[in-house]
Amino acid sequence: MLDDALRGFKDRLLAPAARALGPGVHPHLITLLALMLGGAVFVLCLRQAYGWALLAWVGNRFLDGLDGVTARVHGTQSDLGGYLDLVLDFLVYALVPLGLVLSRPASELLYLTLAVMLATFYVNAASWTVLSAILEKRNRGARERAEQTTVSMPAGIVGGTETMVFYGLFLLFPDRLIPLFTVLALLVGLSTLQRIVWAVRYL
């Protein structure tokens, strides 16, 4: 929901760092470093080092934004880069809550809410990626709409910004995972419904 509004701000904020890196640092390298920090979040959660995990999460999100800005600043954007960025994002989105749940004695309810939340992510990913593919097919995609992303991302209640905030809350309040998982699952489910309604109206 906030991604479109904040994208310009993010680009202006990260552009100096991207220029400082210079054209010799390939965006794919930044994407892989972001993945490594995402993996570090998982490991740190397993060790119950939640403060360090939160710092690693912030670093992961910083690099996740920096790779795209670096590509745009130095003219090295590619479809492969956009693809890897999205796929590895979803890998990290799965690892972090798994690490949190595995780090502590878990109840059946915690496992259930984790399963429901990840299931809503799975369905939501299908809802927007397929919709994006259809929009590209109909020449109504990112390029035609002058969007900065590789593919058009139809807006929903939960986007990258909201996911970043919720995951930060998971790490800040690991004893409150059940209500946090539940709220995020509900919002992601509503985002999916929102896109389905849009598709029924406009496709």
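Computation of the quantities below employed the complete heavy-atom set of this structure, encompassing side-chain atoms and omitting hydrogens, waters and symmetry-equivalent molecules. Since the model is a prediction, treat every value here as computed from it, not as a measurement.
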Do [X] and [Y] touch side chain to side chain, with heavy atoms closer than 4.5 Å?
X	Y	value
Asp64	Leu88	no
Leu91	Val87	no
Phe170	Leu177	yes
Gln194	Ser127	no
Leu187	Val183	yes

Of all heavy-atom pairs between [X] and [Y], which one has the smallest distance, and what is that distance?
X	Y	value
Pro23	His74	N-CE1, 3.6 Å
Thr76	Pro27	OG1-CG, 3.4 Å
Leu171	Trp57	CD1-CB, 3.6 Å
Ala17	Leu66	CB-CD1, 4.1 Å
Val188	Thr120	CG1-O, 3.5 Å
Val158	Arg195	O-NH2, 4.1 Å

If hydrophobic clusters are built by linking Ile, Leu, Val, Met, Phe, Trp and Tyr wherever their side-chain heavy atoms come under 4.5 Å apart, do [X] and [Y] end up in the same one?
X	Y	answer
Tyr202	Ile134	yes
Leu102	Val92	yes
Leu54	Leu63	no
Leu109	Leu98	yes
Ile178	Leu172	yes

Evaluate the criterion side-chain contact (heavy atoms from CB on, under 4.5 Å) for residue pair Leu184 and Leu169; output intermediate values, then yes/no. CA-CA 11 Å; Leu184 183 55; Leu169 291 174; over 6 Å; no

Run the salt bridge (charged side-chain N to carboxylate O under 4.0 Å, His left out) test against Asp89 and tell me which residues pass, sequence neighbours left out.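 Result, salt bridge (charged side-chain N to carboxylate O under 4.0 Å, His left out) vs Asp89: Arg61.
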
Let's go through Ser132 and Thr129 carefully: what are the C-alpha distance in whole Å and the side-chain angles of both, what is the deciding distance for side-chain contact (heavy atoms from CB on, under 4.5 Å) to 0.1 Å, and is it a yes or a no? CA-CA 5 Å; Ser132 292; Thr129 53; 5.5 Å; no

Ser191 side-chain N/O to Ile157 backbone N/O, donor-acceptor pair under 3.5 Å: yes

Quick check: does any side chain N or O of Asn60 sit under 3.5 Å from a backbone N or O of Leu37, one acting as donor and the other as acceptor?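 No.
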
Can you tell me how far [atom2] of [Y] sits from [atom1] of [X], rounded to the nearest 0.5 angstrom?
X	Y	atom1	atom2	value
Thr70	Gln77	OG1	CD	11.0 Å
Leu100	Leu180	CG	CG	10.0 Å
His28	Asp85	NE2	CG	9.5 Å
Thr31	Met36	OG1	CE	13.0 Å
Glu162	Met164	CD	CE	9.0 Å
Asp67	His26	CG	NE2	11.0 Å

Any chance you could lay out the side-chain contact (heavy atoms from CB on, under 4.5 Å) test for Leu118 and Leu114, step after step, and finish with the verdict? CA-CA 6 Å; Leu118 292 180; Leu114 171 66; 3.9 Å; yes

Report the relative orientation of the aromatic rings in Tyr93 and Phe90; use parallel for angles under 30°, tilted for 30 to 60°, perpendicular for over 60°.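 Plane angle over 60°, so perpendicular.
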
Taking the inter-plane angle between the rings of Tyr167 and Phe121 on a 0 to 90° scale, is it parallel (under 30°), tilted (30 to 60°) or perpendicular (over 60°)?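 Tyr167 vs Phe121 ring planes: tilted.
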
Would you say the side-chain atoms of Asn124 and Thr192 include a donor-acceptor pair closer than 3.5 Å? yes

Just list the side-chain donor-acceptor pairs under 3.5 Å for residues 40-53, sequence neighbours left out, or say none.
from	atom 1	to	atom 2	distance (Å)
Gln48	NE2	Ser103	O	2.6
Tyr50	OH	Ser103	OG	2.7
Tyr50	OH	Arg104	NH1	2.8

